[in-house]
Amino acid sequence: MDATRSYPDAAAISALLLAWYDRHRRVLPWRALPGETADPYRVWLSEVMLQQTTVAAVRPRFAAWVARWPDFASLAAAEEAEVMAAWAGLGYYARARNLVAAAKAVVADHGGVFPQDEAVLRTLPGLGAYTAAAVAAIAFGRRAVVVDANVERVVARLFAIRQPLPQARVAIRAAADTITPDARAGDFAQAMMDLGSAICTPKKPSCLLCPLAAECRARHEGSPDALPVKAAKKAKPQRHGTIFWLERDGAVLLVTRPGKGLLGGMRALPTGPWSDAPPGLADAPVTADWQMRNATVAHGFTHFDIELALAVAGGQAHQAAEGEWWPIAELDRAGLPTLFAKAAAAIMRKDG
DNA sequence: AATACGTGGCC
DNA sequence: TGGCCAAGTAT
């Protein structure tokens, strides 16, 4: 390249990237086709579903969701338990609670019309800095600095920002601001994310296919795959617990977990305390002839791993238990988080 | 600022 | 196969 020219060059980047996007943009169910107007509800819903969640996982869930709750009004009127069950398996369940709360706020506080202003969007539950900016840009064409993990990676490489994350976020955001155009802000944001997803990947980026290669400082300096630098991960603690499977007349006892915290608001199998050592039969939901199974269920959360023992009882009369008796044949429809779906599957396999 | 908060796919 | 990673938010 011309050594006398400075790079990365903001105007060149947005023009090159938008031209690339016009040729290579992904077709996604929530994304407007060229010339179409985006549906703000669908944009918002997709952005929330996509928080820390892959396109492949979201795709079928998005279709089912919009078939059931096609707009803010229907979602605002939905039964919370049904919403939580519909979210089961997607993780980060506060997102589902916040979807309902935000839909109610749109109806109650904004006349049923989704606000277009980034700062107002930011006040809705579940819309943080990223999502408010993404919705403002993608749904409403507002200029907004949209920074997700893809943009962080692309920008860290374009500008060769070597400070480690998360401290680099300030510099990355400032750099992203300099390359965000006034026009086609939504396309620019989606283009950055498509580029990060398909070309400027975390490992083995395809620089030979990258429309921004000539503008990329990390590329010129030799090792774009080394950026962004990330802080070392902490070790995950190992915890232990017991899941209690109580059967009666072809039904199993389910509880609803407290509204906040881990798996908050979700249907679940009863568990005892989760601790550093196997707790055995402590805190069983009722007094019964509990039998410990040999197998255990292992599950990894973001910040700890857990191994759960399985205790089974049934077949005799016992005291009233708190919860719902759920037909085992319909357990698929209970909306159990993956951890409990795994445990139920293990128990019903009989090897559990 | 640091931590809590899920899950599935990929290599 | 186990670590890494994903269109983050709330507190």
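Remember, predicted model here, so these are calculated numbers, not experimental data. Letters A, B, ... are given to chains in the order of the sequence lines, protein chains preceding strands, and every chain is numbered from 1.
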With a 4.0 Å heavy-atom cut-off, tell me which residues in residues 181-199 of chain A come close to DNA chain B, sorted by residue number. none
Connected hydrophobic set around A:Val113, excluding itself, where side chains approach under 4.5 Å: none
Is any side-chain N or O of A:Lys234 closer than 4.0 Å to OP1 or OP2 of B:dT3? yes
Looking only at side-chain N and O atoms, does A:Gln51 come under 4.0 Å of OP1 or OP2 in C:dG8? no
Options C:dA7, B:dA4, B:dT7, nucleotide nearest the side-chain atoms of A:His303: B:dA4
Less than 4.0 angstrom between a side-chain N/O of A:Arg153 and OP1 or OP2 of C:dA6, yes or no? yes
Which atoms of nucleotides 8-11 of chain B (N or O only) lie under 3.5 Å from a protein N or O atom, and what are those distances?
residue	atom	partner	partner atom	Å
B:dG8	OP1	A:Thr338	OG1	3.3

Residue whose closest nucleotide on DNA chain C lies nearer the 5' end, A:Lys203 versus A:Thr131: A:Lys203
Given B:dG6, C:dA10, C:dA6, identify the nucleotide with an atom nearest to the side chain of A:Asn98. C:dA10
A:Tyr93 side chain N/O closer than 4.0 Å to the phosphate oxygens (OP1, OP2) of B:dT7? yes
Between A:Gln167 and A:Thr53, whichever has its closest DNA chain B nucleotide further toward 5' is A:Gln167
Counting side-chain heavy atoms from CB outward, which of C:dC5, B:dG6, C:dA7 is closest to A:Lys233? C:dC5
